[in-house]
Structure formats: C-alpha cells, structure tokens
Amino acid sequence: DAALYYAKDEGRNNYQFYRKSLSTKTPELLSLDKSLRHALERDEFLLYYQPRVNIITEEITGMEALLRWYHPEMGIVAPSVFIPLAEASGLIIPIGEWVLKQACVQNKVWQNAGFPPMTVAVNLSPKQFRQPKLVETVAGILEATDLDPQYLELEITETTAIQDIEFTTSVLKDLEAMGVLISIDDFGTGHSSLHRLQVLPLHNLKIDKSFVSELTTDDKVAHIIKAIVDLGRSLGLRLIAEGVEKPEELNFLRSIHCDDVQGYLFYKPLSVQQATELMASKING
Ligand code: C2E
Ligand code: CA
Ligand code: CA
Ligand code: CA
C-alpha cells in the first residue's frame, strides 16, 4: 500500500509530499500505530483551519478544522494516513473529542478577540458518529466552552450518513435540537441520491473536490455539479464547493449560484497564528 506523508516545507504553509511504500505489516506502520497511542498525551496533535468564503462577497463565512499530527521523528503525518489507523483501533474517539473541544475553544477565543462570529466545522469519522455518547459529548463541550451552538458545524460524509439512515436521523435530530449545524461532506462520492438524504435535518452540502477538479476537463461533470446545486437548493441546503483551485472553476460555480467555496484558490489550511493574522487583517484593512 502506498501512503502519503507530509513533511513540513520550512516556514511556508504548504507541504511537500513524500511517497513511501508501506504494506500493512511493515514495521513503519506498526510503529506508527504504536506512537499514535501516545500522541494525545504527548500533545502532538494540532489543528489547521481552512477558511471558506462566500462566493459573491469573498468574505470568510467559516473555517474547517483539519487535524495534523506532528510526529517527533517523521514530522507532520497526513490525516489520510493516521485517521484510518485511529479509526481501526478506536483511538479516533478520544482524538475526535480532543478535536471538537479544541475547535470550540479556538472559535470562542476568536469571538472574544472581537472577530466577526463564524462557524468552525469539525469532521466526524464514521466510528465517532456511531459512538453512543456523541450527543452528550458535544453538549458537554459546548457547555464547557460556552460557545453558542450555531457556531459549531459537524461534517459527516455521505457514506456515514446513509449507512443506517434511521440511526443517522435520530442522532442528527438531537444535534439539531441542540442548535449545531450539520453538513454532508464529500457529496457525490457515496453513490446515494440526495432524495435519500432529504429526511435528514441538514444545513450544508459540500460538493466533493473530485468533481470540482474535473470541471474544466470533463463537460459531463459541469452538468452533474449543476444538478447537485439545483437539487440541494430545492431542499433548502447551502451549497459549498470544495477543492476550488482555478478561476475557471470559481466562475462556473458562480454562474450556477453555489453559495460558498473552499479551496487553494482562496486559502490553504492555515495555522492558528496565520488564521488569526488573516482575520485581524480583514478587520484592520
Ligand atoms: P476533507 O474533510 O474532505 O477535508 C478537505 C481536504 O481537502 C483537506 O485535506 C484539505 O486540506 C484539502 N483541500 C482543501 N482545499 C483544497 C484544494 O483546493 N485542493 C486540494 N487538492 N485539496 C484541498 P486534509 O487536511 O489532508 O484532510 C484529509 C481528510 O482527513 C479530510 O478530508 C477528512 O476526511 C480527514 N480529516 C481531517 N481532519 C480530521 C479530523 O479532525 N477528524 C476526522 N475524523 N477526519 C479528519
Ligand atoms: Ca470535511
Ligand atoms: Ca470533503
Ligand atoms: Ca474526504
């Protein structure tokens, strides 16, 4: 199996990719799994924040919290490598709780600093979504951080949502009653239809970046995206396009009235310091 590693590109907010061949039984992956067990207590996790912007005004409407693991020897390990390990071992539960807490604390810090309130979105893995105490955990964190629930957004993938739609409906109804926002992530990859999702109390639909990146090379994809936007709109959802990298992609998404965009064209995931400086610069001009 090939796995991708990030190594920090000195002083800059992007990463160089190192491709390393790993089979599931290699000592590397085993030791990675082992060090993951201590990563929380060793304080090796950090969150990056990727702004998302209103497609018309280009103002920041929210941030997505993206987890990074700073491994003492390997540097930054990509979530695509360690999240599956954490999911398999169950470590995703305490790690995911740390992410939720951290994101709420940070959002409150930004609000207390006087920045315009915005939502911070947190990704929930399938196992995390299915843990019996999720609703309780979210409620406890909102209480402890004193964050207004409308500024917390939870992202679950389309695949997670449709796995057991009755269970999903009951959890999402509890979360909605609490006042948090719910997004369907990676929409279009799960081979479900939006009609199946219409029973769920959803707020946002995030169009997967694999569609957006094929927009300019495949005519059919433009039609698919337009269909998703129209249908999402008719269900009263906010449409967010992920992975927007090119002006042509942005122009098309504008022409079909997508609401928000997230992608390297505007911002890459930012450290807390970079995100704070960005917001300060928006206020001070
Ligand atoms: P995702 O939720 O779909 O997050 C978006 C990913 O796309 C992020 O990768 C982001 O850096 C990347 N991205 C954003 N804009 C662009 C763009 O314009 N072009 C390209 N090529 N990529 C872009 P990242 O940070 O490596 O995260 C990968 C995945 O790991 C996430 O996909 C999510 O599924 C998972 N993940 C990240 N943080 C967490 C977390 O705290 N908890 C859980 N359960 N999963 C997480
Ligand atoms: Ca996401
Ligand atoms: Ca996504
Ligand atoms: Ca994804």
Side-chain angles (χ1 to χ4, degrees), residues 3-8 13-17 36 39-40 44-53 62-70 76-104 106 119-131 134 137 141 152-161 181-190 204-216 228 239-250 253 260-271 274-275:
L4 280 177
Y5 282 83
Y6 290 133
K8 211 167 187 178
N13 175 41
N14 54 42
Y15 301 90
Q16 279 182 300
F17 288 90
L36 192 57
L40 261 183
E44 292 169 355
F45 290 114
L46 63 160
L47 291 181
Y48 269 52
Y49 293 90
Q50 187 179 32
R52 118 183 150 211
V53 303
M63 303 265 189
E64 178 174 3
L66 294 162
L67 185 58
R68 301 291 180 258
W69 176 19
Y70 195 84
I76 290 188
V77 185
S80 57
V81 173
F82 71 84
I83 301 255
L85 289 176
E87 182 80 10
S89 65
L91 275 173
I92 194 66
I93 306 293
I95 294 173
E97 195 170 327
W98 179 88
V99 172
L100 262 171
K101 176 92 184 279
Q102 194 63 28
C104 290
Q106 186 58 56
T119 61
V120 170
V122 171
N123 292 285
L124 298 183
S125 79
K127 199 174 261 179
Q128 203 184 353
F129 185 70
R130 293 203 149 63
Q131 61 159 312
L134 176 70
T137 301
I141 288 172
L152 174 64
E153 183 178 323
L154 300 176
E155 299 192 358
I156 59 169
T157 66
E158 180 189 6
T159 315
T160 304
L181 303 178
I182 314 288
S183 295
I184 293 293
D185 202 0
D186 301 349
F187 187 76
T189 60
N204 302 319
L205 199 63
K206 300 189 80 174
I207 303 165
D208 193 64
K209 59 178 178 295
S210 62
F211 286 109
V212 176
S213 65
E214 282 170 19
L215 242 179
T216 49
I228 294 174
L239 280 304
I240 303 167
E242 303 187 306
V244 178
E245 294 181 352
K246 301 177 187 164
E248 305 91 281
E249 294 163 354
L250 178 66
L253 292 163
D260 287 3
V261 285
Q262 191 179 330
Y264 296 170
L265 181 62
F266 289 96
Y267 304 105
K268 291 192 168 176
L270 307 172
S271 68
Q274 289 168 325

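Counting starts at 1 for both ligands and their atoms, in listed order. Not measured: the values here are computed from a predicted model.
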So for ligand 1, is [X] a polar contact partner (N or O within less than 3.5 Å, distance only)?
{"X": "Q262", "answer": "no"}
{"X": "R68", "answer": "yes"}
{"X": "N123", "answer": "yes"}

Under a 4.5 Å cut-off applied to non-hydrogen side-chain atoms, are [X] and [Y] in contact?
{"X": "E87", "Y": "P126", "answer": "yes"}
{"X": "F82", "Y": "L67", "answer": "yes"}
{"X": "K246", "Y": "E249", "answer": "yes"}
{"X": "D208", "Y": "E242", "answer": "yes"}
{"X": "Y48", "Y": "E64", "answer": "no"}
{"X": "T119", "Y": "L181", "answer": "yes"}
{"X": "R52", "Y": "I240", "answer": "yes"}

Next on the checklist: Can you tell me how the ring of W98 sits relative to the ring of F45, calling it parallel under 30°, perpendicular over 60° and tilted otherwise?
Outcome noted: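 W98 vs F45 ring planes: tilted.
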Next on the checklist: If I take every N, O or S atom of N123, is at least one of them less than 3.0 Å from the Ca ion (ligand 2)?
Outcome noted: yes
Is it the case that [X] and [Y] place a side-chain donor and acceptor less than 3.5 Å from each other?
{"X": "T216", "Y": "E248", "answer": "no"}
{"X": "S183", "Y": "E155", "answer": "no"}
{"X": "K209", "Y": "Q262", "answer": "no"}

Looking only at N, O or S atoms, find the one in [X] nearest to the Ca ion (ligand 3) and name it.
{"X": "D186", "value": "OD1"}
{"X": "D185", "value": "OD1"}
{"X": "E242", "value": "OE2"}

I need the atoms of ligand 1 closer than 4.0 Å to a non-hydrogen atom of [X], numbered in the order shown.
{"X": "S125", "result": "44 (N)"}
{"X": "D186", "result": "3 (O)"}
{"X": "E242", "result": "3 (O)"}
{"X": "I83", "result": "39 (C), 42 (N), 43 (C), 45 (N), 46 (C)"}
{"X": "Q50", "result": "14 (C), 15 (N)"}
{"X": "E64", "result": "2 (O), 4 (O)"}
{"X": "E245", "result": "17 (C), 18 (O), 19 (N), 20 (C), 21 (N)"}
{"X": "V99", "result": "41 (O)"}

If you measure from each heavy atom of [X] to ligand 1, is any distance below 4.0 Å?
{"X": "P269", "value": "yes"}
{"X": "K268", "value": "no"}
{"X": "A78", "value": "no"}

Next on the checklist: Can you tell me which portion of D185 lies within the under-4.0 Å heavy-atom range of ligand 1? Options are side chain, backbone, both, or neither.
Outcome noted: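 Side chain only; the backbone of D185 stays clear of ligand 1.
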Checklist entry - When you check the gap from the basic side-chain N to the acidic O, do E44 and R68 get nearer than 4.0 Å? => result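 No, this pair does not count.
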Item to check | The single option from T160, T157, L134 passing side-chain contact (heavy atoms from CB on, under 4.5 Å) against L124 | outcome: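 Single side-chain contact (heavy atoms from CB on, under 4.5 Å) partner of L124 among T160, T157, L134: L134.
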Item to check | the Ca ion (ligand 2) - name of the N/O/S atom of E155 that sits closest to it | outcome: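 Restricting E155 to its N, O and S atoms, the minimum distance to the Ca ion (ligand 2) goes to OE1.
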Checklist entry - Which of the N/O/S atoms in E64 sits closest to the Ca ion (ligand 2)? => result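 Closest N, O or S atom of E64 to the Ca ion (ligand 2): OE2.
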